[in-house]
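Structure, as structure tokens:
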Amino acid sequence: MTGDLFPLEGSAFLAEGSRLELDNGEARIPGIRVVRAAEKAVTLSLALDDVPPPGAAVTLRGGGTPRGRYAVRGTVTSTDENRVEIRLIGEPEIEQLRHYVRGGGGENVLLVRPGEVEAIGWVHDISENSVRAHFTDVEVRPGAPMVLRVQLGADIVEFPAVATKVNAIRQRVPSRGPLMVELVAVFEEDERQAKIIRRYVLRQQMARARAAASA
């Protein structure tokens with residue numbers, strides 16, 4: 001079944017043989033080829049190092065209009081070497097360029113999971129639909145649901161999220177220490193909170209630019 005069967009014009013970027021961008025919440029990987037396309041699923045071909053794990057939440061982007069690019073969310077259902085099957089969630093929508101604003105760093109973040117003790121960490125960077133954060137001695141797997149509460153200056157944003165990538169390293173020098181965990185999580189944006197994140201990141205970027213200019 002080819003991409004011609006998609007009901008919306010914006011779905012053309014998902015047609016077989018087309019190239020698109022895959023966003024795993026931490027990196028945007030361009031030039032990904034669509035191998036097969038169905039109404040609610042696509043199969044992609046990409047480098048082995050870039051293959052996301054089953055259960056990972058991703059965003060696919062492609063095409064373009066004066067307002068931005070088309071984007072659709074999805075969940076990885078299976079992988080076979082460099083082939084990835086993704087179940088699409090909803091229909092493609094135009095994503096304005098403002099969604100690519102990313103920044104911050106050092107803000108407090110609270111990790112809340114069902115049946116687990118709450119954990120406090122710090123943000124490495126944040127955008128309107130994803131956050132990369134660091135925690136100590138927590139066990140999180142890709143695909144795990146959670147709630148994140150982030151302090152952004154005088155404001156607090158809170159949202160349900162899904163982990164897409166988790167890296168854990170045990171401190172061993174100068175002695176055995178805690179487990180350092182870096183996770184990337186994506187979340188459904190709420191327009192009110194998206195504005196808070198966007199304004200905060202832009203303020204941080206402007207402050208750093210002024211500091212660099214005066215140095």
Side-chain angles (χ1 to χ4, degrees), residues 21-29 32 44 46-59 73-82 84-87 89 100-190 193-194 196-197 200-201 204-205 208:
E21 175 189 271
L22 183 145
D23 185 343
N24 62 17
E26 181 181 53
R28 300 186 182 96
I29 307 166
I32 303 301
L44 308 180
L46 61 164
L48 288 175
D49 290 344
D50 295 328
V51 172
V58 299
T59 300
R73 296 184 184 276
T75 301
V76 177
T77 55
S78 64
T79 63
D80 182 9
E81 296 186 344
N82 70 326
V84 178
E85 181 82 15
I86 296 177
R87 177 175 57 83
I89 301 172
Y100 302 111
V101 175
R102 174 179 291 276
E107 298 80 12
N108 289 331
V109 54
L110 180 68
L111 170 64
V112 182
R113 294 165 296 161
E116 301 286 346
V117 177
E118 296 180 355
I120 297 177
W122 57 275
V123 171
H124 186 279
D125 55 49
I126 189 171
S127 72
E128 293 179 40
N129 61 7
S130 69
V131 60
R132 182 162 43 147
H134 295 260
F135 296 91
T136 301
D137 287 333
V138 298
E139 293 187 4
V140 182
R141 295 180 179 275
M146 63 190 67
V147 172
L148 296 174
R149 187 179 303 146
V150 185
Q151 180 81 45
L152 299 177
D155 296 306
I156 295 177
V157 293
E158 180 176 315
F159 36 76
V162 177
T164 61
K165 190 172 184 179
V166 181
N167 291 318
I169 299 177
R170 174 74 65 181
Q171 178 183 311
R172 300 188 182 279
V173 178
S175 60
R176 181 178 171 83
L179 185 68
M180 310 302 294
V181 179
E182 179 188 77
L183 68 83
V184 176
V186 298
F187 50 88
E188 294 290 338
E189 70 174 35
D190 169 272
Q193 297 195 129
I196 292 174
I197 295 171
Y200 176 81
V201 170
Q204 294 293 307
Q205 291 176 345
R208 290 172 182 171

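None of these values were measured; they are calculated from a predicted model.
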Just verifying a value: how many Å separate D50 CG and L44 CG, rounded to the nearest 0.5 Å?
11.5 Å

Within a strict 4.5 Å, meaning less than it, do heavy atoms of the T136 and V181 side chains meet?
no

Would the distance check show the side chain of E107 and the main-chain N or O of G105 forming a donor-acceptor pair, the cut-off being under 3.5 Å?
yes

Working note: V51 + L46, criterion side chain to side chain contact (heavy atoms under 4.5 Å, CB included); need CA distance, chi angles, decisive distance, verdict.
CA-CA 7 Å; V51 172; L46 61 164; 4.3 Å; yes

Rounding to 0.5 Å, atoms CZ (R149) and CD1 (I156) come to a distance of 7.5 Å

With distance as the sole test, does T75 use its side chain to make a donor-acceptor pair with the main-chain N or O of R87 at under 3.5 Å?
no

Residues M146 and A185: closest non-hydrogen pair is SD-CB, 4.3 Å

Could you please spell out the steps behind the side chain to side chain contact (heavy atoms under 4.5 Å, CB included) verdict for V84 and I32?
CA-CA 11 Å; V84 178; I32 303 301; over 6 Å; no

Considering only heavy atoms from C-beta outward, does the side chain of N24 approach that of S130 to under 4.5 Å?
no

Ignoring hydrogens and angles, tell me if any N or O in the side chain of D137 forms a donor-acceptor pair with the backbone of L179 under 3.5 Å.
yes

Please give me the minimum heavy-atom distance between P114 and P145, naming the atom from each residue.
CD-O, 4.3 Å

Worked verdict on D23 versus V58 for side chain to side chain contact (heavy atoms under 4.5 Å, CB included):
CA-CA 6 Å; D23 185 343; V58 299; over 6 Å; no

Identify the two heavy atoms, one from A161 and one from L148, that lie closest to each other, and give their separation to 0.1 Å.
CB-CD1, 4.2 Å

Is the CD atom of E139 crowded by more than 12 outside heavy atoms at less than 6.0 Å?
no

In Å, rounded to the nearest 0.5 Å, how long is the span from CG of D155 to CD1 of I196?
4.5 Å

Over 60° means perpendicular and under 30° means parallel, so tell me whether H124 and H134 are parallel, tilted or perpendicular.
tilted

Closest heavy-atom pair, V109 versus A133, reported as atoms and distance to 0.1 Å, is CG1-CB, 4.0 Å

Does some side-chain heavy atom of V131 sit less than 4.5 Å from a side-chain heavy atom of V123?
yes

In the structure I gave you, are the side-chain heavy atoms of L110 and E118 within less than 4.5 Å of one another anywhere?
yes

Can you tell if the side chain of L152 reaches within under 4.5 Å of the side chain of I197, non-hydrogen atoms only?
yes

Return the OH to CD distance between Y200 and Q205, rounded to the nearest 0.5 Å.
11.5 Å

With distance as the sole test, does S78 use its side chain to make a donor-acceptor pair with the main-chain N or O of E85 at under 3.5 Å?
no

F187 CZ to T164 OG1 distance, which is reported to the nearest 0.5 Å
11.5 Å

Is the shortest side-chain heavy-atom distance between L111 and F135 below 4.5 Å?
yes

Please report the C-alpha distance between V157 and Q151 in whole Å, then the side-chain angles of each, then the deciding distance to 0.1 Å, and finally whether the side chain to side chain contact (heavy atoms under 4.5 Å, CB included) criterion is met.
CA-CA 7 Å; V157 293; Q151 180 81 45; over 6 Å; no

Is there side-chain contact between V138 and R113, with heavy atoms separated by less than 4.5 Å?
yes

Provide the closest heavy-atom pair for V166 versus R141 in the form atom of the first, atom of the second, distance.
CG2-C, 4.1 Å

Return the minimal non-hydrogen interatomic distance between I86 and G74, and the atom names on each side.
CG2-CA, 3.9 Å

Quick one: does Q193's side chain have a donor or acceptor within less than 3.5 Å of a partner on E158's backbone?
yes

